Amino acid sequence: MKAVLFPGPESISVERVPDPTCAPDEVVVQVSRCGICGTDVHIYRNEYMSNFPLIPGHEFGGTVVGVGKAVTDLQVGERVAVDPNLYCGRCDMCRNEMANHCLNWQGVGVTRPGGFAEYVAAPARACYRLPDTLSDAQAAFIEPLACVVHAMKRIRVLPADPVLILGAGPMGLLLVQALRRMGASYVAVVEKQPARLALAKAMGASFAVPAGADQDAILKGIAPRGFGVVIDATGVPAVIEGAFRYLRPRGTYLQFGVAPNHARVSVSPYDIFRNDWTIIGTFALCYTFLPAIDWLASGAIDVGPLVSHVAPMQDFASVFHQFAAGQTLKVHVEMP
């Protein structure tokens with residue numbers, strides 16, 4: 001089969017590799033679409049937990065074309081999305097409802113071959129049947145939206161809370177829609193690209209603030225005492241470090257964006273103490289595929305405007321570098 005390969009850090013190739021085979025408890029999925037994610041960029045730059053060589057890709061759906069001998073609940077021909085987070089179910093973390101911190105965690109497209117390929121093998125327990133009404137494009141958004149659902153479960157958005165999101169990339173725009181459905185009185189978004197600010201407004205943001213010298217004054221005018229919830233959706237250390245100046249007393253800060261694993265920021269512990277702040281991280285997802293599927297199937301979350309490019313596998317390197325440079329929104333790679 002053809003697959004995208006990261007042979008080593010900051011290296012991309014499209015090669016022919018052996019087709020995957022099923023373990024007894026696995027299925028083989030013929031991939032329809034796979035989305036490029038910011039985590040893929042961190043993997044490419046050797047800023048994440050992956051080893052090389054690696055077939056990346058963890059946002060995908062497709063059709064079951066092979067079934068292991070121990071699989072009884074999936075059949076060839078069924079359309080599925082695959083939760084790339086593979087939990088052992090046996091360790092203390094899994095048994096304490098913290099499976100995304102599984103001590104034996106593996107990730108499709110992170111620690112084992114992923115979805116930027118014609119075929120991928122995955123445990124049947126990680127596969128979720130797709131409603132007939134869900135398109136291939138929507139299927140490739142289930143994983144990122146499941147991360148948003150997990151984030152919403154991690155924080156408390158009180159009724160009428162003012163919320164600030166830093167960054168209006170694809171994940172920031174999913175967060176805008178989710179937060180409006182979680183009870184936020186209004187959502188303000190800071191972003192440097194005008195087209196993304198316009199899309200944030202269309203997706204439900206009440207305020208779209210250009211990043212720059214004037215943003216502090218604008219945000220002060222919107223929320224004079226600060227925001228009840230501040231969310232970083234950029235992963236940029238300088239943005240993260242400055243985010244706390246917008247947080248009101250007893251506010252909640254959520255680190256959603258993925259920063260490089262070696263990045264460090266400076267935060268005043270006195271300010272945390274004095275302001276009663278709550279600081280929360282949100283890693284990946286944790287059994288949140290089903291609500292993500294329901295949100296998409298019901299039309300509650302619109303992902304159509306978030307796909308700016310659809311490309312064939314042979315163009316992966318070109319669109320990947322455009323995505324990494326912030327020149328696109330979500331990029332989907334269609335398999336041959």
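Only a predicted model underlies this, so the values are computations on that prediction, with no experimental measurement involved.
- The environment of Asp92 atom CG is sparse: at most 12 non-hydrogen atoms of other residues, nucleotides or ligands sit within 6.0 angstrom.
- Ion pairing between a basic and an acidic side chain is recognised when a charged N comes within 4.0 Å of a carboxylate O; Glu59 and Arg33 show no such pairing.
- The local environment of CG in Asn96 is crowded, with over 12 non-hydrogen atoms from other residues, nucleotides or ligands closer than 6.0 Å.
- Atoms CZ and CZ, on Phe60 and Phe116 in that order, are 10.0 Å from each other to the nearest 0.5 Å.
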Kindly determine whether Phe320 and Phe323 satisfy ring-ring contact (aromatic ring centres under 6.0 Å, His included), including the steps that lead there.
CA-CA 5 Å; Phe320 180 82; Phe323 176 86; 7.3 Å; no

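- For the pair Val31/Tyr119, no side-chain contact is recorded, criterion being any heavy-atom separation below 4.5 Å from C-beta on.
- Looking at Leu5 and Ile12, their side chains never come closer than 4.5 Å, going by heavy atoms from C-beta outward.
- Taking every heavy atom of both residues into account, Leu166 and Ala243 meet most closely at CD1-CB, 3.5 Å.
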Just do the side-chain hydrogen bond (donor to acceptor under 3.5 Å, both in side chains) check on Gln106 and Thr111 with the steps written out, would you?
CA-CA 6 Å; Gln106 293 287 305; Thr111 64; 2.8 Å; yes

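- Two residues are said to be in side-chain contact when any heavy atoms from C-beta on lie closer than 4.5 Å; Val307 and Phe141 meet this criterion.
- Side-chain atoms of Asn100 come within 3.5 Å of backbone N or O of Phe283 as a donor-acceptor pair.
- A salt bridge links Arg129 with Glu78: the closest approach of a Lys/Arg side-chain nitrogen to an acidic carboxylate oxygen falls below 4.0 angstrom.
- Looking at His58 and Val82, their side chains never come closer than 4.5 Å, going by heavy atoms from C-beta outward.
- The environment of Glu10 atom CD is dense: over 12 non-hydrogen atoms of other residues, nucleotides or ligands sit within 6.0 angstrom.
- Using a cut-off of 4.0 Å between Lys/Arg side-chain N and Asp/Glu carboxylate O, Asp136 and Arg79 are scored as salt-bridged.
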side-chain hydrogen bond (donor to acceptor under 3.5 Å, both in side chains) between Asp216 and Tyr246, worked out
CA-CA 8 Å; Asp216 282 8; Tyr246 307 122; 2.4 Å; yes

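- Remark: Arg90 CZ is loosely packed, at most 12 non-hydrogen atoms of other residues, nucleotides or ligands lying under 6.0 Å away.
- The shortest side-chain heavy-atom distance between Phe289 and Glu143 falls under the 4.5 Å cut-off.
- Ala168 approaches Arg196 most closely through the heavy-atom pair O-CD, 3.4 Å.
- Between Asp271 and Phe244, the closest side-chain pair of non-hydrogen atoms is not below 4.5 Å.
- Ring orientation note: the planes of Phe52 and Phe6 are tilted relative to one another, at an angle of 30° to 60°.
- Side-chain contact check for Leu197 versus Pro210: some heavy-atom pair is nearer than 4.5 Å.
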Begin from the C-alpha positions of Asn261 and Glu47 and carry the test side-chain hydrogen bond (donor to acceptor under 3.5 Å, both in side chains) through to its verdict.
CA-CA 6 Å; Asn261 56 11; Glu47 297 172 341; over 6 Å; no

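- Heavy-atom contacts from other residues, nucleotides or ligands closer than 6.0 Å to CZ of Arg156 number 12 or fewer.
- The salt bridge (charged side-chain N to carboxylate O under 4.0 Å, His left out) test with Asp161 is passed by exactly one of Arg250, Arg248, Arg180: Arg248.
- Side-chain contact check for Leu254 versus Val230: every heavy-atom pair is 4.5 Å or farther apart.
- Here the shortest heavy-atom pairing between Cys286 and Glu97 reads SG-O, 4.4 Å.
- Across every non-hydrogen atom of Met1 and Ala117, the tightest pair is CE-CB, 3.8 Å.
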